[in-house]
Asks: 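Have a look at the structure that comes next, please.
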Amino acid sequence: MEAILLVGGQGTRLRPLTISTPKPLLPTAGVAFLAHQLARAHAAGVDRIVFATSYRAEMFEAAFGTHAYGVDLAYVSENEPLGTGGAIRNAARALTAKPDDPVLILNGDILSGHDVQAQVAVHERAEAAVTLHLTEVTDPSRFGCVPTDGTGRVTAFLEKTSHPVTNQINAGCYVFRRSAIDTIAEDEVVSVERETFPSLIASGAVVMGHVESGYWLDVGTPEAFVRGSCDLVLGKLASPAMPGEPGERLTLTGASVSPGAVVRGGTTVGRGAVVEAGATVLGSVLLDEAFVAEGATVRNSVLSRGARVGPGAVLDDVILGDGAVVGPGNELRGGLRVWPGIELPPTAVRFSTDA
């Protein structure tokens with residue numbers, strides 16, 4: 001089976017992490033986020049993937065080459081953003097699938113544990129044009145809803161509303177019949193959610209829903225990115241790409257964690273990173289060469305490559321860009337983002353008075 005992997009977005013919600021690195025290539029539980037998707041796709045029977053790239057397109061082939069995690073890889077780039085449907089149509093020129101073959105469509109910012117093979121089975125039994133993975137959420141008013149009938153056939157795509165008719169939402173993984181992709185206009189901006197799926201339903205084509213509410217996470221925000229990495233380390237979602245066994249922390253080659261430090265909650269400590277004695281790091285992502293000094297506390301945060309946290313500093317829900325420096329005694333909280341190369345002098349930012 002072939003797949004198209006949509007990785008063209010700029011990842012603006014994750015800045016400054018995505019200034020130098022596309023979101024799907026950000027280190028997540030010790031490897032690029034896409035490594036987990038490639039490994040899971042291979043386990044589901046996918047043997048060839050076409051990357052639909054745009055932002056920093058050259059970095060994807062540099063990262064993975066033409067074969068990785070058991071999957072052959074090809075790359076197609078957009079000169080201008082074409083939307084989800086346009087990107088799928090553009091990438092389809094590199095497919096080798098026959099008209100009736102299933103083609104899996106994956107989004108480069110979704111971490112999912114759902115059963116892809118079961119979704120494909122639903123698609124083939126129904127001889128569907130498209131089969132969507134649908135997940136159930138507790139508050140569907142935050143999303144567009146996707147109702148289905150008693151046979152699992154999708155009946156509509158509904159915009160966000162305060163009175164949703166179902167708790168089923170689009171989870172962003174699709175199985176297309178190869179010929180259905182060819183109905184999408186070429187070289188035009190097209191949204192599959194707003195245009196392709198509704199038009200297929202209106203035309204009488206079979207659009208099915210595979211409802212499965214296992215692990216599912218859109219990692220497009222800093223909070224979700226940290227959570228996804230920690231969940232992988234903790235083993236809440238299994239991934240064949242994990243470079244270590246599940247546990248309270250993942251310590252990569254060359255990292256140094258003092259026996260007097262507390263590092264847990266699914267934290268990743270990157271290559272060459274250092275956590276000194278008396279430091280506490282909980283549920284965070286430390287990229288290569290990051291440094292946490294004695295007495296510092298880091299919670300639910302990301303320290304990018306070469307970022308440094310001084311003695312006694314506190315970071316809670318914070319993103320530090322590459323090479324950023326937080327001087328001793330600072331308190332950073334509440335989603336604060338520090339851009340690459342910025343240096344905060346001692347006690348420059350405080351949320352409490354000095355003791």
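The structure displayed is predicted, hence computed values, not measured ones.
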Asks: Grouping I, L, V, M, F, W and Y whenever their side-chain heavy atoms are under 4.5 Å apart, do Val233 and Phe225 come out in a common cluster?
Replies: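 As far as the 4.5 Å side-chain criterion goes, Phe225 and Val233 are not connected within one cluster.
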Asks: Provide the closest heavy-atom pair for Thr166 versus Cys145 in the form atom of the first, atom of the second, distance.
Replies: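 So the minimum-distance heavy-atom pair works out to O-SG, 3.3 Å.
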Asks: Heavy-atom distance under 4.5 Å between the side chains of Glu276 and Val292, does that happen here?
Replies: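 A side-chain contact is absent here, since even the closest heavy-atom pair is not under 4.5 Å.
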Asks: As an exercise, state the distance from CZ of Arg350 to CZ of Arg333, rounded to the nearest 0.5 Å.
Replies: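 Arg350 atom CZ to Arg333 atom CZ measures 9.0 Å (nearest 0.5 Å).
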Asks: Are Val7 and Phe33 linked, directly or through intermediate hydrophobic residues, by side-chain heavy-atom contacts shorter than 4.5 Å (ILVMFWY only)?
Replies: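 Hydrophobic grouping puts Phe33 apart from Val7.
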Asks: Salt bridge or not between Glu289 and Arg305? Use side-chain N to carboxylate O under 4.0 Å.
Replies: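 Between Arg305 and Glu289 there is no salt bridge, as every charged N stays at least 4.0 Å from the carboxylate O atoms.
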Asks: Passes side-chain contact (heavy atoms from CB on, under 4.5 Å), Asp100 versus Arg177? Steps please.
Replies: CA-CA 6 Å; Asp100 288 336; Arg177 186 190 297 252; 3.1 Å; yes
Asks: Check for me, please, whether Phe51 and Tyr174 land in the same ILVMFWY cluster - side-chain distances under 4.5 Å, paths through other members count.
Replies: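 Different hydrophobic clusters.
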Asks: Looking at Asp149, I want to see if its CG is surrounded by more than 12 non-hydrogen atoms of other residues, nucleotides or ligands under 6.0 Å.
Replies: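 Yes, CG of Asp149 has more than 12 neighbouring heavy atoms, counting only those of other groups under 6.0 Å.
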Asks: Could you walk me through whether Arg125 and His123 satisfy the side-chain contact (heavy atoms from CB on, under 4.5 Å) test, starting with their C-alpha distance in whole Å, then the side-chain angles of each, then the deciding distance to 0.1 Å, before giving a yes or no?
Replies: CA-CA 6 Å; Arg125 278 198 305 270; His123 177 81; over 6 Å; no
Asks: Between atom CG of Asp72 and atom NE2 of His67, what is the distance when rounded to the nearest 0.5 Å?
Replies: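 The NE2 atom of His67 is 5.5 Å from CG of Asp72, to the nearest 0.5 Å.
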Asks: Of the non-hydrogen atoms in Ala324 and Val338, which two are nearest, and what is the gap between them?
Replies: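 Closest pair (atom of Ala324, atom of Val338, distance): CB-CG1, 3.9 Å.
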Asks: So if you build clusters from Ile, Leu, Val, Met, Phe, Trp, Tyr with side-chain heavy-atom gaps below 4.5 Å, do Phe291 and Leu287 land together?
Replies: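 No; Leu287 is not reachable from Phe291 via cluster members.
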Asks: Just wondering, more than 12 heavy atoms not from Arg264 lying within 6.0 Å of its CZ?
Replies: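 Atom CZ in Arg264 is not crowded, with 12 or fewer foreign heavy atoms closer than 6.0 Å.
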Asks: To the nearest 0.5 Å, what is the distance between OG (Ser213) and CD (Gln168)?
Replies: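 Between Ser213 OG and Gln168 CD, I get 8.0 Å after rounding to 0.5 Å.
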Asks: Hey, any chance Val116 and Val46 share a hydrophobic cluster, counting ILVMFWY side chains that come within less than 4.5 Å of each other, even indirectly?
Replies: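 Same hydrophobic cluster.
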Asks: Only one of His210, His114, His133 passes side-chain hydrogen bond (donor to acceptor under 3.5 Å, both in side chains) with Gln119; say which it is.
Replies: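 Result for side-chain hydrogen bond (donor to acceptor under 3.5 Å, both in side chains) with Gln119: His114.
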Asks: Please report the closest heavy-atom contact between Leu232 and Ala29, naming both atoms and the distance.
Replies: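 Taking every non-hydrogen atom into account, CB-CB, 3.7 Å.
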Asks: So Val226 and Ser229, side-chain contact (heavy atoms from CB on, under 4.5 Å) or not? Walk me through it.
Replies: CA-CA 5 Å; Val226 173; Ser229 182; 6.0 Å; no
Asks: Flag the pair Arg93 and Asp182 as a salt bridge only when some basic side-chain nitrogen lies within less than 4.0 angstrom of an acidic carboxylate oxygen.
Replies: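 Salt bridge flag = no for Asp182 with Arg93.
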Asks: Any donor-acceptor pair under 3.5 Å linking the side chain of Arg249 with the backbone of Val281?
Replies: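 Side chain of Arg249 to backbone of Val281: no pair is present.
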Asks: State the CG-CG distance between Leu315 and Leu282, to the nearest 0.5 angstrom.
Replies: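 Leu315 atom CG to Leu282 atom CG measures 12.0 Å (nearest 0.5 Å).
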Asks: For Glu193 and Ser191, what are the C-alpha separation, side-chain angles and deciding distance, and is it a side-chain hydrogen bond (donor to acceptor under 3.5 Å, both in side chains)?
Replies: CA-CA 5 Å; Glu193 299 86 0; Ser191 164; 3.1 Å; yes
Asks: Considering non-hydrogen atoms only, spot the tightest contact between His36 and Ser239 and give its length.
Replies: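 Where His36 meets Ser239 most closely, the heavy atoms are ND1-OG, 2.6 Å.
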Asks: Rounded at 0.5 Å granularity, tell me how far OG in Ser54 sits from CD in Glu80.
Replies: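 It comes to 8.0 Å.
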Asks: Could you check whether Asp101 pairs with Arg178 (Lys NZ or Arg NE/NH1/NH2 to Asp/Glu carboxylate O, under 4.0 Å)?
Replies: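 Looking at Asp101 and Arg178, the cut-off is not met.
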Asks: State the OH-OG1 distance between Tyr215 and Thr135, to the nearest 0.5 angstrom.
Replies: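 Going from the OH atom of Tyr215 to the OG1 atom of Thr135 covers 12.0 Å.
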Asks: With side-chain contact (heavy atoms from CB on, under 4.5 Å) as the criterion, how do Ile181 and Ile88 come out once you've worked through the C-alpha distance, each side chain's angles and the decisive distance to 0.1 Å?
Replies: CA-CA 7 Å; Ile181 295 176; Ile88 292 168; 3.9 Å; yes
Asks: Can you name the nearest heavy-atom pair linking Val309 to Ala296, along with the distance?
Replies: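 Result for this residue pair: CG1-CB, 3.9 Å.
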Asks: Verify the distance criterion only: is there a donor paired with an acceptor across the side chains of Thr53 and Glu78 at less than 3.5 Å?
Replies: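 Result is no, nothing qualifies.
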Asks: Do you know which two heavy atoms are closest between Ala126 and Met208, and how far apart they sit?
Replies: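 Where Ala126 meets Met208 most closely, the heavy atoms are CB-CG, 3.6 Å.
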